[in-house]
Novice: 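Here it is: the structure, laid out below.
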Protein chains: 2
Amino acid sequence: MQPEKLENLEPDTERKILEAAGKVFMQKGRLGASMQDIADEAGINRTLLHYYFRNKEKLFDTIFTKLLSQVFPTMVEAFASDRPFMEKIRIFVETYADLLKENPYLPVFVFQEISLNPDRLAGIIKHVGVDPDLALKGLTKEMESLGVHGMDPRHIIANLLGMVLFPYIGRALFQKIAFQDDTEAYEKFLEDRKEQVPRFVNMALQGSGQGPGQSRKHP
Amino acid sequence: MQPEKLENLEPDTERKILEAAGKVFMQKGRLGASMQDIADEAGINRTLLHYYFRNKEKLFDTIFTKLLSQVFPTMVEAFASDRPFMEKIRIFVETYADLLKENPYLPVFVFQEISLNPDRLAGIIKHVGVDPDLALKGLTKEMESLGVHGMDPRHIIANLLGMVLFPYIGRALFQKIAFQDDTEAYEKFLEDRKEQVPRFVNMALQGSGQGPGQSRKHP
DNA sequence: GTCTATATGGCGATAGAC
DNA sequence: GTCTATCGCCATATAGAC
């Protein structure tokens, strides 16, 4: 781990590898990314990858687990807090907007990988230790106190995740078709969604009018 | 099917190939699928694939174009009709629900592929000849007549597509975390969304109360 | 720890017999 | 049109020098 190094003092090689691997895997996918690609991105020799992580699979597992361990808690915790409902929604949307802005390829990458290899999930879920039941129960209660009765909260979650993730998952297609491939316009659109998505949810749940957590810009 | 078999008379080999290739490509992705996989699925010899379609790339392009040509029009036409707004929403949701039920891997596959290789899109869009501007203009007008002012209709589209597609894109993950991996419960959930999504949109756009196209079950 | 050289296997693609 | 046999490439992985 800590090698004495007079001539080539970079014990942070491992860090560079992880960083490069994350980037390359997300952009090209597990199969599309070659070890050479990752080595190039990290600026090191290819065989070093095998020295630090025995093979491609192990390297990938490390990256994948790391990414999901970072994403899952954010998701659940946003709903596990004791803030008012619409406040949770707003926090959730903004947290993900920031996360996705920095990792735009993350959703496609994750879902493609899980879809291809669902077994990988089991281990990771254990490793992270999320408890969605708790958050779900809380949601149900809060929705009822908002006057929404008999609605499975998982519909809300699915709606929310869909609305937040779609602009990233379908970006290449959506930007080209609905924005004439205007990147700047699309980025403005992404920014707008931080406001539009919570408002949409709010209106759907509360009926018309402005709910809490909507006081910044124009109506 | 046809037990008639003197030597090997099957000129519908091409059809079998296309069917098999579509299935295998969707399930394993372009890179994950090998020509051998496709040949096996079609029940033919591997070199026959090269006889009918020169190489893997050409075979893939055929499949991909075919799939998108089937999906795009459905999407745009649902909004280009002159039915009332909520009717369009309902039709859109149900059409996609049916399509996705039969091709659950389609969204991940398409978005992954486009994300990896955006260039492929340009040709296909031309080939299909969609005109989203028209549908967008119409949407804006209809929303205003519903009392929704100053809202970019593309937010509605993104919300709708996200809500419809997410349960399929994130199925492996969502079913495991929020449904304890209960497949039957999840399929019930998918069925429910045909009703829940239009209602959610309706409430968001009209405020509270029941809009059109919502008369089947409990309030 | 880092490099060069090399082994191994899989897959796409073609040639050629039938 | 369909098969068998084979070629050549590329990516993973390891051996071994420094």
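Per chain, numbering begins at 1; letters A, B, ... match sequence-line order.
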Novice: Rounding to a whole Å, what distance do you find between A:Lys56:NZ and C:dG10:C1'?
Specialist: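 Going from NZ in A:Lys56 over to C1' in C:dG10 covers 13 Å.
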
Novice: In residues 21-36 of chain A, what residues come within less than 4.0 Å of DNA chain D, judged by heavy atoms?
Specialist: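 The answer is A:Ala33, A:Ser34, A:Met35.
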
Novice: What is the distance, to the nearest angstrom, from the CD1 atom on A:Ile17 to the C1' atom on C:dG1?
Specialist: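 In whole Å, C:dG1 C1' and A:Ile17 CD1 are 11 Å from each other.
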
Novice: Run the salt-bridge test on B:Asp182 and B:Lys176 with the 4.0 Å N-O cut-off and return the result as yes or no.
Specialist: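 No, this pair does not count.
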
Novice: In terms of relative ring orientation, are B:Phe189 and B:Tyr186 parallel, tilted or perpendicular, with 30° and 60° separating the classes?
Specialist: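 B:Phe189 and B:Tyr186: tilted rings.
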
Novice: Can a donor-acceptor pair under 3.5 Å be found between the side-chain atoms of A:Arg46 and the base atoms of D:dA11?
Specialist: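 Looking at the base of D:dA11, it does not pair with any donor or acceptor on the side chain of A:Arg46 (distance under 3.5 Å).
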
Novice: Would you kindly give the CZ-to-P distance between A:Phe60 and D:dA13, to the nearest whole Å?
Specialist: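 Going from A:Phe60 (CZ) to D:dA13 (P), I get 14 Å.
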
Novice: Quickly work out the A:Lys16 NZ to C:dG1 C1' distance and round it to whole Å.
Specialist: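 Rounded to whole Å, this separation is 13 Å.
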
Novice: Should B:Phe25 and B:Tyr105 count as side-chain neighbours, where that means a heavy-atom distance under 4.5 Å?
Specialist: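 No; the side chains remain at least 4.5 Å from each other.
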
Novice: In whole Å, what is the span from the NE2 atom of B:His50 to the P atom of C:dG16?
Specialist: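 Interatomic distance, NE2 of B:His50 to P of C:dG16: 17 Å.
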
Novice: Check the surroundings of atom NZ in A:Lys23: do more than 12 heavy atoms from other residues, nucleotides or ligands lie under 6.0 Å from it?
Specialist: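 It does not: A:Lys23 NZ has 12 such atoms or fewer within range.
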
Novice: NZ of A:Lys58 versus C1' of D:dA13: gap in Å, rounded?
Specialist: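 Result: 13 Å.
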
Novice: Checking contacts here: which listed nucleotide (D:dT14, C:dT14, D:dA13) is nearest the side-chain heavy atoms of A:Asn55?
Specialist: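 Shortest atom-to-atom distance from the side chain points to D:dA13.
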
Novice: Report which part of the nucleic acid B:Asn45 touches: base, sugar-phosphate, or nothing (heavy-atom distance under 4.0 Å, all strands).
Specialist: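 Base: the residue B:Asn45, judged by heavy atoms under 4.0 Å, touches a nucleobase.
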
Novice: Could you give the CD1-to-P distance, from A:Ile38 to D:dA11, as a whole number of Å?
Specialist: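 Between P of D:dA11 and CD1 of A:Ile38: 12 Å.
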
Novice: Expressed as a whole number of angstroms, how long is the span from B:Ile44:CD1 to D:dG1:C1'?
Specialist: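 Rounding to the nearest Å, CD1 of B:Ile44 and C1' of D:dG1 are 11 Å apart.
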
Novice: Less than 4.0 Å between a side-chain N and a carboxylate O, is that true for B:Arg199 and B:Glu195?
Specialist: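 Yes, B:Glu195 and B:Arg199 are salt-bridged.
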
Novice: Do B:Lys101 and B:Glu187 sit within salt-bridge range, that is, some charged N less than 4.0 Å from a carboxylate O?
Specialist: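 B:Glu187 and B:Lys101: not salt-bridged.
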
Novice: Side chain of B:Thr47 only, heavy atoms from C-beta on: which candidate in D:dT2, C:dT14, C:dA5 is closest?
Specialist: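 Nucleotide nearest to B:Thr47's side chain: C:dT14.
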
Novice: Below the 4.0 Å mark, does D:dT2 have OP1 or OP2 next to a side-chain nitrogen or oxygen of B:Tyr52?
Specialist: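 For B:Tyr52, the contact criterion (side-chain N or O under 4.0 Å from OP1 or OP2 of D:dT2) is met.
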
Novice: For C:dT2, does OP1 or OP2 lie under 4.0 Å from any side-chain N or O of A:Thr13?
Specialist: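 Yes, because at least one side-chain N or O of A:Thr13 sits under 4.0 Å from OP1 or OP2 of C:dT2.
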
Novice: Charged N to carboxylate O below 4.0 Å: is that the case for B:Asp133 and B:Lys137?
Specialist: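 Salt bridge: no.
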
